[in-house]
Amino acid sequence: MCTLFLSIQVTAAEHIAPPTLSSIENNDIERLLPNDEIKSILAGETEFLSLYSEYMSADFRGVVLLIPDWQSVPTNNAGMSFLRKELNNLGYTTYAMTVPDIDWQASKKPDSSTEMPAETTTPDAATSTEPATADMKKNAEPHYVNALEKVTNEVLDNYKINLIARFNALYQTAMQEPGNVVVIAQGTSAGVLLEHYADFPEQRVDAFISLSSYLPNTKRNKDLSQTTSLVTPALLDIYYANDSNDILMSLKNRQRWVNRNAKFDYRQRQLFGLRDQPDQHARLTKEIDGFLRRLF
């Protein structure tokens with residue numbers, strides 16, 4: 001009996017990776033939304049979904065590209081879902097895209113070419129370099145403690161590359177429509193897109209509207225204040241009174257950089273209350289419509 005028991009092979013259960021967040025979101029979109037609103041777009045070898053909604057007013061005013069925050073959906077109740085339909089009544093055709101998954105394991109591979117070869121030193125040379133080495137270590141010691149980064153540059157750069165690839169594909173699809181082009185982006189997606197447009201891409205965008213834009217990296221979020229003043233399109237910077245301190249503490253610096261770089265088509269607006277309230281959605285739409293009517 002014991003021999004029979006020991007002869008049974010014990011095999012470990014095969015690991016099955018959980019479904020990605022984007023696949024769950026895509027399944028929900030395809031199951032709950034009308035088929036005529038769902039457009040599949042190819043960005044390189046990656047296929048993603050976008051939501052199309054045609055303008056419903058007598059006058060056509062342009063195309064609006066809606067980009068939600070990372071780890072969010074184009075049907076979120078933080079303003080995206082409401083704007084996707086309400087802007088149709090104001091004369092805009094809207095495209096709302098799904099965002100890529102975050103690769104939390106993204107990291108920069110060490111470059112072997114940068115490794116310094118080992119040097120052989122004589123006892124006299126080693127003795128002579130000891131004081132210099134001690135001075136270098138003393139100078140290299142920090143006199144303050146840096147804050148720990150919430151998200152590394154490698155994770156942000158990976159998300160930025162994937163988001164820009166999808167955005168470029170969505171932009172080419174939207175250019176089939178005539179008229180003005182408006183970009184409305186949320187959170188981290190808005191932050192990386194502002195970095196993108198600060199490099200002066202050739203894409204024509206008539207207005208950029210950021211909703212609580214920030215980058216979850218201390219250094220890059222600080223640099224975002226200057227980046228905001230360098231984008232070419234007219235910029236409406238909307239934030240909420242209950243936003244995180246990372247956003248609220250940077251607003252004054254954004255205004256300072258805008259004044260220094262003379263970006264006269266920059267506007268900053270504060271919204272009060274919760275961002276998922278119907279009255280808040282109405283005010284958000286009013287701020288956006290008023291800003292755009294002064295431009296075209």
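Note that the coordinates shown come from a computational prediction; the quantities given were computed from them, not determined experimentally. Residues: numbered from 1 along the sequence shown.
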Steps toward side-chain contact (heavy atoms from CB on, under 4.5 Å) verdict (Leu49, Glu30) = CA-CA 9 Å; Leu49 298 182; Glu30 293 174 339; 3.9 Å; yes

key: Gln186 to Ala78 - nearest heavy-atom pair and separation   =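 Closest approach of Gln186 to Ala78, heavy atoms only: NE2-O, 3.3 Å.
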
task = Any chance you could measure Leu33, atom CG, to Thr75, atom OG1, to the nearest 0.5 Å?
result =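 So the CG of Leu33 and the OG1 of Thr75 are separated by 6.5 Å.
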
remark   = Here the gap from Leu194 atom CG to Asp223 atom CG, rounded to the nearest 0.5 Å, amounts to 13.0 Å

Under 4.5 Å side-chain heavy-atom separation, chaining through any Ile, Leu, Val, Met, Phe, Trp or Tyr, what else clusters with [X]? Say none if it is isolated.
X	answer
Leu42	none
Leu21	none
Phe296	Val64, Leu66, Met80, Leu83, Leu87, Leu90, Tyr92, Val182, Ile184, Ile209, Leu211, Leu236, Ile238, Tyr240, Leu271, Leu284, Ile288, Phe291, Leu292, Leu295

Is it true that the side chains of [X] and [Y] contain a donor and an acceptor less than 3.5 Å apart?
X	Y	value
Thr285	Asp289	no
Asn168	Gln203	yes
Ser213	Arg254	yes
Glu47	Ser40	yes
Asp237	Tyr266	yes

request  = State, yes or no, whether a side-chain contact exists between Gln268 and Leu251 at a heavy-atom distance under 4.5 Å.
outcome  = yes

request  = Can you sort out the partners of Asn261 under side-chain hydrogen bond (donor to acceptor under 3.5 Å, both in side chains), two or more places apart, ordered by chain and number?
outcome  =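 Partners of Asn261 under the side-chain hydrogen bond (donor to acceptor under 3.5 Å, both in side chains) test: Ser229.
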
task = List in chain and number order the residues that pass side-chain hydrogen bond (donor to acceptor under 3.5 Å, both in side chains) with Asn26, two or more places apart in sequence or in another chain; answer none if no residue qualifies.
result = none

key: Listed partners of His281 passing ring-ring contact (aromatic ring centres under 6.0 Å, His included), at least two apart   = Phe82

task = Report the C-alpha separation of Tyr197 and Thr227 in whole Å, then their side-chain angles, then the decisive distance to 0.1 Å, and conclude whether the side chain to side chain donor-acceptor pair (under 3.5 Å) test is met.
result = CA-CA 9 Å; Tyr197 276 101; Thr227 303; over 6 Å; no

request  = Under the side-chain contact (heavy atoms from CB on, under 4.5 Å) rule, what do Thr188 and Tyr214 come out as? Steps first, then yes or no, please.
outcome  = CA-CA 5 Å; Thr188 302; Tyr214 83 107; 3.8 Å; yes

